[in-house]
Amino acid sequence: MSKPSIPQGTRDFNAATVHKRQYILNTIKHVFETFGFQPLETPAMENLETLMGKYGEEGDKLIFKILNNGLDNPAKEVQTKEGFDKILQGKSTTTITERALRYDLTIPFARYVAMNHGSLTFPFKRYQMQPVWRADRPQKGRYREFYQCDADIVGSESLINEVDLVSIYVTAFKALQLPVTIKVNNRKILLALAQVCGGEDKLIDLTIAIDKLDKIGWEKVQAELSTKGFNDQQQSVIHTYLNIAGTNQEKLTKLAELLAGNEHANKGIEELNFVLNYHQATGMASFIEADFTLARGLNYYTGIIFEVKANDAQMGSIGGGGRYDDLTGLFGVNNVPGVGISFGVDRIFDVLEEKQLFPATIEAGTQVLFFNLGEQEAAAAYLQMMQLRNKKIACEIYPEKSKFDKQFKYAEKKNIPHIVIIGSEELAASKCTVKNLASGQQNTISFEELTNYFD
RNA sequence: GAGGGUAUAGCUCAGUAGGUUAGAGCGACAGUUUGUGGCACUGUAGGUCGUGGGUUCGAGACCCAUUACUCUCCCCA
């Protein structure tokens with residue numbers, strides 16, 4: 001018999017952890033609802049074809065596929081064996097796997113909107129907080145099962161939505177007391193840069209290269225650009241682009257000069273200005289940082305993109321999102337533009353834990369332990385305990401008649417602040433002894449007094 | 001997909017150049033103390049040293065393979 005274990009990249013959550021996670025989830029949920037978003041839940045599994053091809057080539061490999069439950073029709077045996085050979089070559093096929101675990105919440109949401117667009121009221125604002133799965137190699141801050149919390153608005157092109165989503169980030173992280181920076185960029189600006197430097201078809205090569213800047217440095221980025229066919233003059237423009245610095249306003253002004261005359265650039269800059277100006281008024285502009293190196297992997301983004309970094313923490317992004325003008329187009333429903341953001345709960349958890357930012361009050365366990373001092377005594381204690389429970393005070397009784405020592409230790413281990421002793425002496429007098437474990441003080445009071453003792 | 005690191009008691013780890021019966025701390029359990037905990041002291045239980053092979057008179061230690069975990073890169077939340 002081997003030792004029990006759980007799959008790589010998954011975790012059990014003990015009581016303390018669950019309380020802390022609930023605290024994060026409830027905080028975010030409350031913010032979402034305050035901003036007028038409605039909940040949605042979708043199945044853990046989707047049809048494979050719903051997910052395939054939506055996350056790029058790398059993403060496809062990371063989708064957890066679910067093996068079909070054997071052969072439904074004996075006539076398909078040959079076909080299925082061919083399918084198995086494909087799997088061995090690393091390809092996927094519905095003869096072997098028809099379903100897959102969801103990889104994020106955005107594509108299932110797009111699928112939902114496409115299926116229900118006739119009955120939804122637009123603009124449609126939904127939030128969703130559910131686990132997603134990725135067949136990734138786990139490491140720090142990266143799991144195979146983790147929660148995402150998404151808020152999206154579809155059916156509206158207004159930039160007020162972008163403004164609103166930034167407000168959500170600021171409000172939520174303020175509530176969690178976590179200092180963050182919200183990085184913003186615009187895919188239109190990246191597109192403009194690609195046009196100026198050799199054409200739109202180089203957009204992906206370009207974004208991949210510049211995304212690596214802070215990791216590998218300019219020289220290696222330059223080397224990569226060379227191999228991708230960017231000439232010296234183009235590299236020089238890219239270099240200037242990447243070195244734009246200063247305040248958000250200064251950056252945008254310099255960018256406008258560099259990409260002067262490009263239609264997409266003008267539009268992209270205008271959009272960023274809109275959001276920044278709006279937040280000048282709300283006072284939230286200080287959380288926003290224009291970062292033209294921000295690219296984000298998911299290729300369905302078309303407008304403003306976001307990424308949230310915790311200040312002074314060794315952790316990848318703890319949230320991200322952006323505008324996609326044609327997401328449901330993937331499912332045959334056109335003209336449903338949208339914009340959304342996501343919170344990475346598990347990483348937020350890790351950062352809060354590391355920086356010790358969880359409030360001390362969130363672990364609400366048992367408040368009162370009733371000692372068990374014999375059959376009669378326990379029966380009497382049970383009735384008193386139920387009185388307290390009716391008043392919504394968390395209580396429990398020690399199930400075995402044990403020595404004081406043991407019952408005290410149990411209370412300490414569980415951080416139970418009060419104990420109630422009903423022994424033979426108390427029982428005879430219809431009284432009980434209440435002791436505060438932290439202070440060591442104790443009082444002997446009547447049963448009636450006990451009922452109101454913790455009010 | 002590429003490359004590191006680790007694997008010894010329930011937990012955290014020692015184990016020195018290969019040498020008798022495998023160690024500590026914490027935890028658990030019991031006792032000193034049968035109606036008052038935290039402290040202290042005493043004792044008890046618990047390990048085919050991840051697995052398989054090899055080298056050797058002798059392997060927890062060295063070599064090979066394998067599995068699991070972990071970290072970095074790629075990519076991402």
Side-chain angles (χ1 to χ4, degrees), chain A residues 1-11 24 28 55-63 90 102-106 129-150 204 207-209 211-212 215-216 220 224 294-299 306-310 313-321 340-351 369 371-374 377 398 401-428 432-444:
Chain A
M1 186 84 164
S2 60
K3 283 187 183 176
S5 64
I6 56 174
Q8 191 182 34
T10 64
R11 296 148 301 158
I24 298 172
I28 295 170
Y55 307 106
E57 214 171 303
E58 286 294 317
D60 282 355
K61 287 187 203 157
L62 300 180
I63 295 171
R102 65 168 166 253
Y103 178 90
D104 71 355
L105 301 179
T106 308
M129 313 204 303
Q130 290 189 279
V132 303
W133 294 269
R134 295 188 187 176
D136 209 349
R137 194 105 173 229
Q139 51 187 276
K140 187 179 177 177
R142 180 178 300 191
Y143 306 99
R144 286 185 152 181
E145 178 185 64
F146 61 98
Y147 263 72
Q148 286 192 334
C149 299
D150 278 27
I204 293 176
T207 53
I208 289 173
D211 199 36
K212 292 180 183 167
K215 280 178 191 159
I216 63 177
K220 286 186 180 173
E224 187 160 331
L294 178 63
R296 290 195 60 73
L298 299 173
N299 47 23
F306 308 101
E307 197 157 290
V308 183
K309 289 273 296 176
Q314 288 281 82
M315 181 61 78
S317 64
I318 55 175
I341 54 169
S342 180
F343 286 79
V345 178
D346 300 79
R347 285 189 175 177
I348 293 169
F349 180 96
D350 289 348
V351 174
L369 176 72
F371 273 27
N372 184 334
L373 299 167
E377 291 87 343
Y398 198 83
K401 176 187 184 298
S402 300
K403 299 200 304 183
F404 268 56
D405 180 65
K406 197 154 180 178
Q407 304 197 42
F408 266 120
K409 280 184 177 156
Y410 178 79
E412 273 160 26
K413 281 269 164 59
K414 285 193 70 174
N415 264 319
I416 300 173
H418 305 280
I419 56 147
V420 173
I421 299 169
I422 299 176
S424 53
E425 292 167 23
E426 285 89 352
L427 188 58
C432 56
T433 300
V434 185
K435 180 164 186 169
N436 179 321
L437 284 188
S439 67
Q441 287 193 334
Q442 64 181 54
N443 302 310
T444 301

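Within every chain, numbering begins at 1; the chains are lettered A, B, ... in the order of the sequence lines, protein sequences first and strands thereafter. If you're wondering where the values come from, they're calculated on a predicted model, not measured in any experiment.
Listed nucleotides U72(B), A77(B), G37(B) differ in distance to S317(A); the shortest reach to its side chain belongs to A77(B). Of all nucleotides listed (C29(B), G37(B), C76(B)), G37(B) comes nearest to the side chain of K409(A). The side chain of L437(A) approaches G37(B) more closely than any other nucleotide in the set A77(B), G37(B), G35(B). Of the candidates A30(B), A2(B), A77(B), the closest approach to any side-chain atom of R137(A) belongs to A2(B). The side chain of R134(A) has C76(B) as its nearest neighbour among U36(B), C71(B), C76(B). For T433(A), the listed nucleotide lying nearest its side chain is G35(B); candidates were C71(B), G35(B), G37(B).
Straight-line distance between the P atoms of G23(B) and U44(B): roughly 14 Å, to the nearest whole Å. C71(B) and U8(B): their C1' atoms are spaced 22 Å apart (whole Å). Using P as the reference atom, U42(B) and G50(B) are 32 Å apart when rounded to the nearest Å. Rounded to a whole angstrom, the distance from the C1' atom of U66(B) to that of A24(B) is 32 Å. Nucleotides G47(B) and U21(B), compared at atom C1', are 14 Å apart to the nearest Å. Nucleotides G46(B) and G38(B) have their C1' atoms positioned 26 Å apart, rounded to a whole Å. Straight-line distance between the P atoms of A9(B) and G60(B): roughly 15 Å, to the nearest whole Å. For A59(B) and A22(B), the P atoms lie 14 Å apart once the distance is rounded to whole Å.
Distance, Q407(A) CD to G35(B) C1': 11 Å, rounded to whole Å. Note: OH (Y410(A)) to C1' (C29(B)) measures 18 Å, nearest angstrom. When the P atom of U70(B) is taken as reference, atom OH of Y143(A) falls 10 Å away, rounded to whole Å. Put simply, NZ on K140(A) is 20 Å from P on U6(B), counting in whole angstrom units. Distance, D405(A) CG to A28(B) P: 11 Å, rounded to whole Å. For M129(A) and A77(B), the CE to P distance is 18 Å, given to the nearest whole Å. One can place CG of L373(A) at 11 Å from P of U36(B), the figure rounded to the nearest angstrom. Protein atom CG of D350(A) is 15 Å distant from nucleotide atom C1' of C76(B), rounded to whole Å.
Checked options N372(A), I421(A), I419(A); the residue passing with Q407(A) is N372(A) (criterion: side-chain contact (heavy atoms from CB on, under 4.5 Å)). Looking at E426(A), E425(A), Q442(A) one by one, the single match for side chain to side chain donor-acceptor pair (under 3.5 Å) with T433(A) turns out to be E426(A).
Residue contacts shown for I421(A) include a base, since a base heavy atom lies under 4.0 Å away. Backbone-only contact: Q148(A) has heavy atoms under 4.0 Å from sugar-phosphate atoms and none from a base. Nucleic acid contact for E426(A): base, since at least one base atom lies under 4.0 Å from a heavy atom of the residue. G319(A) comes within 4.0 angstrom of sugar-phosphate atoms only, judged by non-hydrogen atoms across all strands, and of no base. Among the heavy atoms of the strands lying under 4.0 Å from G423(A) is at least one base atom, whether or not backbone atoms are also near.
Note on K413(A): a side-chain N or O is less than 4.0 Å away from OP1 or OP2 of A28(B). Residue Q139(A) places no side-chain N or O under 4.0 Å from the OP1 or OP2 atom of C71(B). Remark: K403(A) is in phosphate contact with G31(B), judged by side-chain N or O atoms under 4.0 Å from OP1 or OP2. The side chain of Q8(A) places an N or O atom within less than 4.0 Å of a non-bridging phosphate oxygen (OP1 or OP2) of C69(B).
With rounding to the nearest 0.5 Å, the separation of CG in N436(A) from NE2 in H418(A) is 5.5 Å.
The side-chain ring of F146(A) is stacked on the base of A77(B), judged by centre separation under 5.5 angstrom and plane angle under 30 degrees.
Side-chain N/O atoms of Y143(A) and D136(A) include no donor and acceptor closer than 3.5 Å.
In this structure, the side chain of D346(A) engages the main chain of Y147(A) through a donor-acceptor pair within 3.5 Å. The backbone N or O of E145(A) sits less than 3.5 Å from a side-chain atom of R11(A), completing a donor-acceptor pair.
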query = If pairs are Watson-Crick or G-U with both distances under 3.5 Å, what is the dot-bracket string of RNA chain B, marking crossing pairs with [ ] and pairs to another strand with |?
reply = (((((((..((((.....[...)))).(((((.......))))).....(((((..]....))))))))))))....
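Partners of S317(A) under the side chain to side chain contact (heavy atoms under 4.5 Å, CB included) rule, at least two apart in sequence or in another chain, are E307(A), R347(A). Considering only residues two or more places apart in sequence or on other chains, F408(A) meets the ring-ring contact (aromatic ring centres under 6.0 Å, His included) condition with F371(A).
When side chains are defined from C-beta on, F343(A) counts as touching I341(A), because their heavy atoms get closer than 4.5 Å.
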task = Report the C-alpha separation of R134(A) and D104(A) in whole Å, then their side-chain angles, then the decisive distance to 0.1 Å, and conclude whether the salt bridge (charged side-chain N to carboxylate O under 4.0 Å, His left out) test is met.
result = CA-CA 9 Å; R134(A) 295 188 187 176; D104(A) 71 355; 5.3 Å; no
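Put simply, the side chain of K435(A) and the base of U36(B) share a donor and an acceptor less than 3.5 Å apart. Checked by distance alone, Q442(A) brings no side-chain donor or acceptor within 3.5 Å of a matching partner on the base of G37(B).
Residue P7(A) is the one, among R144(A) and P7(A), whose nearest nucleotide of RNA chain B lies closer to the 5' end (criterion: closest heavy atom).
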